[in-house]
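See below for the structure under consideration.
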Amino acid sequence: MNHNQQEIERELIKVINPEVSRRQFLKTWGISGMGFFLTGCGTPALEDLVGKISEPWNQKVEQLIFQPQKPVPEFSSNQIEPKSLIINSFRGTPIIDLEKYRLIIDGQVNHPLNLNMREIQSLPYTSMIIRHVCVEGWAAIVQWGGVRLRDLLALAQPHVNAKYVYFQSADGYYESWDLPSVTHPQTLLAYEKNGEKLPRENGAPLRLATPIKLGYKQSKWVTRVTLTSELTNFKGYWEDQGYEWFAGL
């Protein structure tokens, strides 16, 4: 059993009964160290044990099992599903003047950035073919191309106490992530979809794209990236209405 599995068991014991020993816990629930597995998106194994659980606890477990530098397996080009990506809008599709567009990176950084699209597209390009998963139950295999967020943050030089990142969008949508997820090698600010210029309805000029988060975490029309040391009471548009905050896959 690895360290993460032990940490998860300890957290389960705290939730169910803090006075129960690890041996009693495993015997009662019929769990072995090798057999206990918890996924990051939808937690059937855990729900079978303790049913509904609190958001802070769920977030902690997902962070324990998340491997921030491990790439997610990708798909081949012949597996792309060009018609499967459903367009969801928050307040309609904003009209953005590309000549005036700027991406702001600020907050707890040594070098705040104010970049236009030409400057962003001059940075190292990354392409990936991944599955986009929506909390509503549908999914689509998509090719995204753009710049890795960790490359942008390297230019901004985050403070050592920066732990979270807020994203603001041109339509008023807002999101927050943990910094390790933001710096995952497959977390992009994408400006291409399926080998072509990103369509406006899909989030142009820049949108978040990653295989490690559910769709509602992947903001479209991103205009500002702000690093902070703590979360505010406003965690995200859907999270503030009861959705899970970590939302990992």
Side-chain angles (χ1 to χ4, degrees), residues 40-41 62-63 66-74 96 101-133 142-171 173-193 197-198 202-231 235-239 245-249:
C41 177
E62 290 196 64
Q63 288 175 314
F66 175 58
Q67 298 179 353
Q69 298 305 316
K70 183 177 180 180
V72 174
E74 298 184 18
I96 299 174
Y101 174 82
R102 295 293 185 275
L103 175 69
I104 306 298
I105 300 180
D106 60 5
Q108 296 190 353
V109 296
N110 292 321
H111 297 291
L113 301 176
N114 185 325
L115 304 172
N116 60 38
M117 282 306 298
R118 288 184 294 274
E119 291 168 326
I120 293 168
Q121 291 173 336
S122 71
L123 296 171
Y125 172 84
T126 297
S127 175
M128 61 186 183
I129 302 175
I130 58 169
R131 178 178 281 116
H132 178 96
V133 180
V142 185
Q143 181 270 333
W144 301 108
V147 59
R148 293 188 298 184
L149 254 173
R150 70 178 186 181
D151 292 342
L152 283 167
L153 294 190
L155 296 175
Q157 296 185 10
H159 293 173
V160 293
N161 59 338
K163 295 180 181 179
Y164 304 99
V165 180
Y166 273 86
F167 299 96
Q168 295 181 28
S169 299
D171 63 342
Y173 196 78
Y174 60 99
E175 259 300 344
S176 63
W177 289 35
D178 59 298
L179 186 58
S181 292
V182 170
T183 56
H184 186 276
Q186 290 165 300
T187 297
L188 306 185
L189 276 176
Y191 49 80
E192 286 185 2
K193 172 198 162 191
K197 182 180 177 181
L198 181 66
N202 290 129
L206 285 175
R207 63 159 295 149
L208 286 167
T210 185
I212 63 171
K213 296 286 186 185
L214 286 169
Y216 64 86
K217 300 294 289 187
Q218 301 181 44
S219 302
K220 295 181 283 189
W221 309 294
V222 175
T223 58
R224 184 181 293 268
V225 179
T226 302
L227 282 77
T228 72
S229 60
E230 57 185 28
L231 290 173
K235 295 181 178 180
Y237 176 78
W238 288 111
E239 292 87 335
W245 177 74
F246 195 79
L249 290 171

Compare every heavy atom of Lys220 with every heavy atom of Asn202, then report the nearest pair and how far apart it is.
O-CD, 3.4 Å

For Pro205 and Ile96 the tightest heavy-atom approach is CD-CD1, 3.6 Å

Not counting sequence neighbours, list each pair that qualifies as a ring pair (Phe, Tyr, Trp, His ring centres under 6.0 Å) and has a residue in residues 205-231.
Tyr216-Tyr243

Are any non-hydrogen side-chain atoms of [X] and [Y] less than 4.5 angstrom apart?
X      : Y      : result
Val165 : Leu227 : yes
Val72  : Thr210 : no
Trp144 : Glu192 : no

Show which side-chain atoms of residues 151-163 pair as donor or acceptor with protein atoms under 3.5 Å away, not counting sequence neighbours.
| unit_1 | atom_1 | unit_2 | atom_2 | d |
| --- | --- | --- | --- | --- |
| Asp151 | OD2 | Arg148 | NE | 3.4 |
| His159 | NE2 | Val109 | O | 3.3 |
| His159 | NE2 | Asn110 | OD1 | 3.3 |

Roughly how far, to the nearest 0.5 Å, is the [atom2] atom of [Y] from the [atom1] atom of [X]?
X      : Y      : atom1 : atom2 : answer
Thr223 : Ile104 : OG1   : CD1   : 8.0 Å
Leu198 : Tyr191 : CG    : OH    : 11.0 Å
Asp106 : Arg224 : CG    : CZ    : 4.5 Å
Thr226 : Phe167 : OG1   : CZ    : 9.5 Å
Tyr164 : Ser176 : OH    : OG    : 9.0 Å
Thr126 : Leu189 : OG1   : CG    : 11.5 Å

Would Ser181 and Thr187 satisfy side chain to side chain contact (heavy atoms under 4.5 Å, CB included), going step by step from the backbone distance to the final call?
CA-CA 7 Å; Ser181 292; Thr187 297; 5.5 Å; no

Any donor-acceptor pair under 3.5 Å linking the side chain of Gln218 with the backbone of Arg207?
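No, because the side chain of Gln218 does not come within donor-acceptor range (under 3.5 Å) of the backbone of Arg207.
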
State whether the side chain of Gln186 and the backbone N or O of Met128 hold a donor-acceptor pair below 3.5 Å, judged by distance alone.
no

Listed partners of Lys217 passing side-chain contact (heavy atoms from CB on, under 4.5 Å), at least two apart:
Glu175, Trp177, Lys213, Glu239, Trp245, Ala247

Test log, rule side chain to side chain contact (heavy atoms under 4.5 Å, CB included), inputs Lys193 and Val142
CA-CA 7 Å; Lys193 172 198 162 191; Val142 185; 4.0 Å; yes

Between Leu113 and Leu103, is a side chain to side chain contact (heavy atoms under 4.5 Å, CB included) present by the stated rule, with each step listed?
CA-CA 8 Å; Leu113 301 176; Leu103 175 69; over 6 Å; no

Taking atom types as modelled and ignoring hydrogens, do the side chains of Ser127 and Gln143 form a donor-acceptor contact shorter than 3.5 angstrom?
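Side-chain D/A pair, Ser127 to Gln143: present.
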
Going by the angle between their ring planes, with limits at 30° and 60°, are Tyr174 and Tyr237 parallel, tilted or perpendicular?
perpendicular

